K.L.:
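Here's a structure for you.
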Amino acid sequence: MEFGLPQNTVKIVWRELSALMKDKMDGIQLSINEENLAHIEASIMGPENTPFQGGVFTVRLVLDADYPESPPKGYFLTRIFHPNVSGKGEICVNTLKKDWHKDCGLKHVLMIIRCLLIEPNPESALNMDAGHLILENYEEFCKRARLFTQLHAVKDSTKENIPTGDSNVNVPSSQMSKSSVLASKNENTSAGPAPSSPKKKLEKKKSLKRL
């Protein structure tokens with residue numbers, strides 16, 4: 001066994017992978033582990049105008065020793081709310097079962113999996129909740145699928161750059177005390193002279209009467 005597979009299978013897989021590296025797939029980025037060709041991973045971009053838009057989903061294809069006579073097993077490593085993906089990430093699609101043919105190849109499998117994100121098939125659901133929602137309440141399905149996408153498939157690096165409160169203003173403590181004193185002085189001067197007390201007013205009246 002070489003690269004986790006028999007030598008004749010390794011040759012077939014290498015031939016397919018070489019072709020895939022030359023002929024890029026739309027919305028799919030391949031990741032190759034040369035030490036174990038039995039596990040093929042790919043990053044699938046969530047298609048536009050779907051609840052999965054903006055997400056990046058990692059998928060793994062597990063090849064048996066007799067590939068391509070038997071189909072690979074497909075798994076989502078990224079959590080997703082989808083009728084054809086189980087809670088453990090197993091993918092249910094006919095291409096990986098009864099419709100498999102040895103000429104299908106890895107490219108066809110990956111493209112079919114991405115198509116599942118555009119057109120789910122609730123009739124062969126592994127996730128029964130998702131399958132029920134997509135048939136009975138499509139808006140609610142989209143809402144939950146978008147939530148899973150945001151939580152598990154969107155890499156949001158912008159949060160680190162978003163200032164919270166006055167955290168973007170860094171003032172040393174010594175300067176803060178000076179600035180607070182200046183601010184209080186400005187407030188007093190801008191408010192005008194302080195009103196005179198009633199006692200002072202009475203004294204003023206008495207002195208005027210004496211005159």
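Since this is a predicted model, take the numbers as computed values, not measurements.
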K.L.:
How long is the span from the CD1 atom in I28 to the CE atom in M111, to the nearest 0.5 Å?
P.N.:
6.5 Å
K.L.:
Under 4.5 Å between any side-chain heavy atoms of K97 and P71, yes or no?
P.N.:
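Contact flag for K97/P71 side chains = no.
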K.L.:
What pairs meet the ring pair (Phe, Tyr, Trp, His ring centres under 6.0 Å) rule with one or both residues in residues 95-135, with sequence neighbours excluded?
P.N.:
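Pairs touching residues 95-135 that pass the test: none.
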K.L.:
Do I118 and F76 belong to the same hydrophobic cluster, where Ile, Leu, Val, Met, Phe, Trp and Tyr are linked whenever their side-chain heavy atoms lie under 4.5 Å apart, directly or via other members?
P.N.:
no
K.L.:
Sub-3.5 Å donor-acceptor pair from the side chain of Q150 to the main-chain atoms of R146, do we have one?
P.N.:
no
K.L.:
Tell me whether L135 is reachable from Y138 by hopping between hydrophobic residues (I, L, V, M, F, W, Y) whose side-chain heavy atoms are closer than 4.5 Å.
P.N.:
yes
K.L.:
Within the 4.5 Å heavy-atom criterion, are M45 and Q29 side-chain neighbours or not?
P.N.:
yes
K.L.:
Provide the closest heavy-atom pair for A130 versus P83 in the form atom of the first, atom of the second, distance.
P.N.:
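Shortest heavy-atom contact: CB-N, 3.5 Å.
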K.L.:
With heavy-atom distances below 4.5 Å as the criterion, would you say the side chains of T9 and L63 are in contact?
P.N.:
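No, too far: nothing below the 4.5 Å cut-off.
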K.L.:
Can a donor-acceptor pair be found, under 3.5 Å and without considering hydrogens, that links the side chain of T149 to the backbone of P51?
P.N.:
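Between the backbone of P51 and the side chain of T149 there is a qualifying donor-acceptor contact (under 3.5 Å).
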K.L.:
Under a 4.5 Å side-chain heavy-atom rule over Ile, Leu, Val, Met, Phe, Trp and Tyr, are V85 and L151 clustered together?
P.N.:
no
K.L.:
Between V109 and I113, is the side-chain contact (heavy atoms from CB on, under 4.5 Å) condition met? List the steps.
P.N.:
CA-CA 6 Å; V109 171; I113 292 174; 4.0 Å; yes
K.L.:
Hey, could you give me each pair passing salt bridge (charged side-chain N to carboxylate O under 4.0 Å, His left out) that has a residue in residues 14-33? Not counting sequence neighbours.
P.N.:
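Counting only pairs at least two positions apart or across chains, the salt bridge (charged side-chain N to carboxylate O under 4.0 Å, His left out) contacts touching residues 14-33 are D23-K107.
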K.L.:
Shortest non-hydrogen contact from E41 to T58?
P.N.:
OE1-CG2, 4.0 Å
K.L.:
From K11 NZ over to L37 CG, what is the distance, rounded to the nearest 0.5 angstrom?
P.N.:
14.0 Å
K.L.:
Filter on ring pair (Phe, Tyr, Trp, His ring centres under 6.0 Å), then keep only pairs touching residues 78-99, sequence neighbours left out; what's left?
P.N.:
F52-H82, F81-F141, F81-F148
K.L.:
Is the shortest side-chain heavy-atom distance between L5 and Y67 below 4.5 Å?
P.N.:
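Sidechains of Y67 and L5: no contact.
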K.L.:
Can you confirm whether L110 sits close enough to L61 that some side-chain heavy atom of one is under 4.5 Å from a side-chain heavy atom of the other?
P.N.:
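With C-beta onward as the side chain, the pair touches.
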K.L.:
Do V93 and N84 come close enough that some side-chain heavy atom pair is under 4.5 Å?
P.N.:
no
K.L.:
Starting at CD of E90, measure out to CG of N127 and round the result to the nearest 0.5 Å.
P.N.:
11.5 Å
K.L.:
Measuring from atom CD1 of I12 to atom CD of E69, what distance do you get when rounded to the nearest 0.5 angstrom?
P.N.:
8.0 Å
K.L.:
Can you tell me how far apart NE2 (H39) and OG (S31) are? Round to the nearest 0.5 Å.
P.N.:
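Nearest 0.5 Å value for the NE2-OG distance: 13.0 Å.
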K.L.:
Hydrophobic clusters here meaning ILVMFWY residues chained together by side-chain heavy-atom distances under 4.5 Å, can you tell me if I134 and L116 are in one?
P.N.:
yes
K.L.:
List the atom of L96, the atom of P72, and the distance in Å for their closest heavy-atom pair.
P.N.:
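Shortest heavy-atom contact: CD2-O, 3.5 Å.
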K.L.:
Is any side-chain heavy atom of L17 closer than 4.5 Å to one of L30?
P.N.:
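Counting from C-beta outward, L30 and L17 do come under 4.5 Å.
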K.L.:
Between atom CG of L106 and atom SG of C104, what is the distance when rounded to the nearest 0.5 Å?
P.N.:
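Spacing of CG (L106) from SG (C104) equals 10.5 Å.
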K.L.:
Tell me, do I91 and V59 make a side-chain contact under 4.5 Å, heavy atoms counted?
P.N.:
yes
